[in-house]
Number of protein chains: 2
Amino acid sequence: MIAQREQLNAVGEHADQRSVTATDQRSIPEATVARLATYLRALIDMGECGVATVSSESLAAAAGVNSAKLRKDLSYLGSYGVRGVGYEVSVLTEQIHKTLGLHQNRAVALIGLGHLGQALAGYAGFASRGFRISALIDAHPKLVGTRLRGLTVQHVDRLDEVVKRENIAIAVVAVPAAAAQDVCDRLVSAGVTSILNFAPTVLNVPPHVDVRKVDLAAELQILSFHDNRKAGRPDCLPDAAASVGTGAIGADPAAITAKPVSKVAMAR
Amino acid sequence: MIAQREQLNAVGEHADQRSVTATDQRSIPEATVARLATYLRALIDMGECGVATVSSESLAAAAGVNSAKLRKDLSYLGSYGVRGVGYEVSVLTEQIHKTLGLHQNRAVALIGLGHLGQALAGYAGFASRGFRISALIDAHPKLVGTRLRGLTVQHVDRLDEVVKRENIAIAVVAVPAAAAQDVCDRLVSAGVTSILNFAPTVLNVPPHVDVRKVDLAAELQILSFHDNRKAGRPDCLPDAAASVGTGAIGADPAAITAKPVSKVAMAR
DNA sequence: GCGATTTTGTGAATGCCTTCACAAAGGCGT
DNA sequence: ACGCCTTTGTGAAGGCATTCACAAAATCGC
């Protein structure tokens with residue numbers, strides 16, 4: 001959240017430049033984009049449960065955010081709600097889908113087929129959410145040539161060729177830290193413009209390339225910090241231990257807590 | 001990042017309560033905490049390369065952030081730099097380590113041993129960064145009882161018992177979405193106060209529990225959005241297509257670009 | 001010693017995001 | 001047809017976070 005949004009600043013930086021050229025029709029804030037994926041998931045679940053319309057209040061509850069925030073987020077997409085009624089699930093689903101650019105079933109390359117890479121290769125969530133893994137790449141001789149999920153693992157030396165042939169713009173890097181920058185450079189020179197990086201290294205990329213980092217150990221460390229605060233020092237906050245000790249950093253009064261089940265049947 | 005920092009709002013909310021009660025000694029901003037892990041990694045790498053001191057400028061470069069930000073972040077920990085010289089790597093490493101609460105080698109439970117769970121179980125990064133996986137839990141009969149990485153997989157019905165015995169405060173949830181809330185409830189009632197959630201669901205927890213979510217599909221969707229913006233729509237902005245099309249978002253003169261390699265020998 | 005030089009630590013300014021609060025809009029009952 | 005009630009969409013306010021820019025501190029060369 002937290003965390004790995006750091007590198008994305010590479011993107012956030014130019015926000016203003018963009019708005020100079022033209023407000024396009026939507027210069028959606030970074031924070032909003034990050035939440036759209038969550039809304040989309042909730043909407044799809046609702047749709048599958050036969051829910052036809054949903055209020056900002058209940059969708060917000062399902063997504064774990066405050067309803068004002070949700071409405072503002074959605075307002076960047078346009079005006080797809082009906083006052084006094086709510087949002088039509090199918091319409092909103094389609095809008096977010098389109099906004100995120102998911103209508104084109106994007107081709108993704110996965111580099112690195114260690115434990116994590118193999119898990120990612122098998123992750124059903126990618127396929128079901130608009131992405132198609134269309135290239136598996138590794139450097140290890142034992143892996144190259146083997147078949148996995150219907151694809152043949154290619155050697156990293158053929159990366160350029162494969163990326164170009166499959167017209168891949170997004171790559172997932174799951175190689176050891178020591179190899180990550182090299183792989184990244186190859187990807188960039190092959191034309192990849194977006195990288196999801198699982199290697200614990202900061203990748204160095206030209207400005208037109210976006211990197212998002214998922215750092216598993218860092219996530220735990222952040223939790224550790226908060227945990228330390230909570231249980232940790234009962235020395236300084238004797239009374240707060242009760243109210244804050246646990247609640248610590250944050251609970252939105254309305255938002256999170258036990259989500260009001262909302263009138264609409266909620267999926268899970 | 002952005003991304004999954006959403007649920008942490010559950011945490012962020014009470015921030016004020018805390019500051020009311022007491023500024024403690026350091027009310028470190030959430031954004032800073034998230035970056036400390038990155039600094040820590042860079043520092044450890046540098047330490048292993050024999051670097052003794054480092055300037056804010058070069059450490060910032062290694063971490064991919066602006067040096068002013070880095071200095072401000074570090075200033076929340078106290079004053080550990082020497083003007084005109086920089087920071088002593090060992091001192092700073094130790095400070096951050098302590099601040100993040102990593103000195104106690106925390107016990108972590110891992111629930112769910114599907115592909116992803118098994119990959120996580122084998123992830124060396126956890127052990128090397130202050131965490132010890134001390135319980136493996138799953139519901140599948142085929143897995144329960146098998147040994148993995150020196151641990152016997154326990155049935156989820158024994159979760160409460162195991163968590164209490166091992167005194168576990170942090171859990172990693174890698175079960176299917178449909179099972180996540182149930183597992184989460186059990187964890188919370190067993191006393192877990194921090195959860196790292198890989199299941200694509202919003203978890204519902206009481207205010208004293210922190211949840212961080214890692215949503216792989218969402219990360220890709222965010223990249224997809226930006227990619228769409230970049231190469232994407234030549235339809236609406238005939239002229240912007242040129243300026244935005246390729247260089248698009250990036251092009252910021254100063255910011256990210258190719259990070260200056262910094263004078264200090266950089267690890268990787 | 002002492003000035004030149006480097007680099008930290010931090011007030012102040014700016015900008016982004018969230019939250020509040022309410023007017024406008026639309027359905028529904030009568 | 002008309003007012004009531006619900007819920008959206010959004011200006012305005014407030015809070016964080018980032019960035020700027022510079023004074024204070026400390027080393028180094030002479």
Side-chain angles (χ1 to χ4, degrees), chain A residues 1-2 5-6 8-19 27-35 53-61 64-88 91-92 249-250 252-256 262-264, chain B residues 1-2 5-6 8-9 11-20 27-35 53-61 64-88 91-92 252-256 262-264:
Chain A
M1 184 314 219
I2 357 49
R5 77 188 317 185
E6 210 37 54
L8 236 218
N9 280 358
V11 171
E13 305 284 335
H14 300 302
D16 35 312
Q17 288 204 359
R18 228 187 319 142
S19 57
S27 66
I28 306 182
E30 187 57 29
T32 294
V33 174
R35 283 186 296 262
T53 64
V54 63
S55 69
S56 64
E57 198 67 50
S58 58
L59 180 54
V65 303
N66 163 318
S67 73
K69 179 146 65 178
L70 176 113
R71 287 199 299 278
K72 182 144 284 199
D73 283 343
L74 295 184
S75 77
Y76 291 110
L77 311 191
S79 200
Y80 296 104
V82 178
R83 297 178 189 222
V85 178
Y87 301 88
E88 196 173 334
V91 172
L92 202 48
I249 316 216
D252 168 346
I256 313 297
S262 79
K263 43 198 82 161
V264 183
Chain B
M1 171 186 0
I2 310 51
R5 78 190 313 186
E6 210 37 54
L8 238 217
N9 281 356
V11 172
E13 306 287 336
H14 295 305
D16 34 310
Q17 287 205 357
R18 225 189 321 143
S19 58
V20 168
S27 64
I28 306 183
E30 186 57 29
T32 294
V33 174
R35 282 186 296 262
T53 64
V54 63
S55 70
S56 66
E57 198 67 48
S58 58
L59 180 53
V65 304
N66 163 319
S67 73
K69 180 147 64 180
L70 176 116
R71 287 198 300 277
K72 181 145 285 198
D73 284 343
L74 294 185
S75 77
Y76 291 110
L77 309 192
S79 201
Y80 296 104
V82 178
R83 299 181 187 217
V85 177
Y87 301 88
E88 196 173 334
V91 172
L92 201 49
D252 173 347
I256 313 298
S262 84
K263 46 198 79 162
V264 183

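- Considering every non-hydrogen atom in both A/Asp73 and A/Arg35, the closest pair reads OD2-NE, 2.6 Å.
- Here A/Tyr87 reaches the OP1 or OP2 of D/dG9: one of its side-chain N or O atoms lies under 4.0 Å away.
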Protein N or O to nucleotides 12-15 of chain D N or O, pairs below 3.5 Å:
residue : atom : partner : partner atom : Å
D/dA12  : N6   : A/Lys72 : NZ           : 3.2

For nucleotides 28-30 of chain D, which of its nitrogen or oxygen atoms have a protein nitrogen or oxygen under 3.5 Å away, and what is each distance?
none

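- Between the CG atom of A/Leu70 and the P atom of D/dT8 there is a distance of 9 Å, given to the nearest Å.
- Of the side-chain N and O atoms in B/Asn66, one or more sit less than 4.0 angstrom from OP1 or OP2 of D/dT19.
- What you find for A/Ser56 and A/Ser67 is that their closest heavy atoms are O-CB, 4.0 Å.
- Note: OH (B/Tyr76) to P (D/dC16) measures 11 Å, nearest angstrom.
- Per the geometry, CG belonging to B/Leu74 stands 15 Å off C1' belonging to D/dT18, to the nearest Å.
- With rounding to whole Å, B/Ile28 atom CD1 is found 16 Å from D/dC16 atom P.
- Rounded to an integer number of Å, the gap from NZ of B/Lys69 to P of D/dA17 is 11 Å.
- At a threshold of 4.5 Å between non-hydrogen side-chain atoms, the residues A/Tyr87 and A/Thr53 do not count as touching.
- Considering only side-chain N and O atoms, B/Ser55 lies nowhere under 4.0 angstrom from the phosphate OP1 or OP2 of C/dT7.
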>> Set out, in order, the CA-CA distance, both residues' side-chain angles and the distance that settles side chain to side chain contact (heavy atoms under 4.5 Å, CB included) for B/Leu74 and B/Arg71, then state yes or no.
In response: CA-CA 5 Å; B/Leu74 294 185; B/Arg71 287 198 300 277; 5.8 Å; no

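- Between A/Leu92 atom CG and D/dG9 atom C1' there is a gap of 14 Å when expressed in whole angstrom units.
- In this structure, the CD atom of A/Glu30 is 8 Å from the P atom of C/dC17, given to the nearest Å.
- The two atoms that bring A/Val54 and A/Leu59 nearest to each other are CG2-N, 3.8 Å, heavy atoms only.
- Using a 4.0 Å cut-off, no side-chain N or O of A/Ser56 falls inside it from OP1 or OP2 of D/dT7.
- Proximity note for A/Ala31 (side chain, C-beta onward) versus C/dC20, C/dT18, D/dT27: the nearest is C/dT18.
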Every protein N/O within reach of nucleotides 21-25 of chain C N/O, cut-off under 3.5 Å:
residue : atom : partner : partner atom : Å
C/dA24  : N3   : A/Arg83 : NH1          : 2.6
C/dA25  : O4'  : A/Arg83 : NE           : 3.4

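- Sequence order on DNA chain C of the closest nucleotides to B/Ser75 and A/Asp73 puts B/Ser75 first from the 5' end.
- Put simply, OH on B/Tyr80 is 16 Å from P on D/dA26, counting in whole angstrom units.
- Counting heavy atoms from C-beta on, the side chains of A/Ile28 and A/Leu77 come closer than 4.5 Å.
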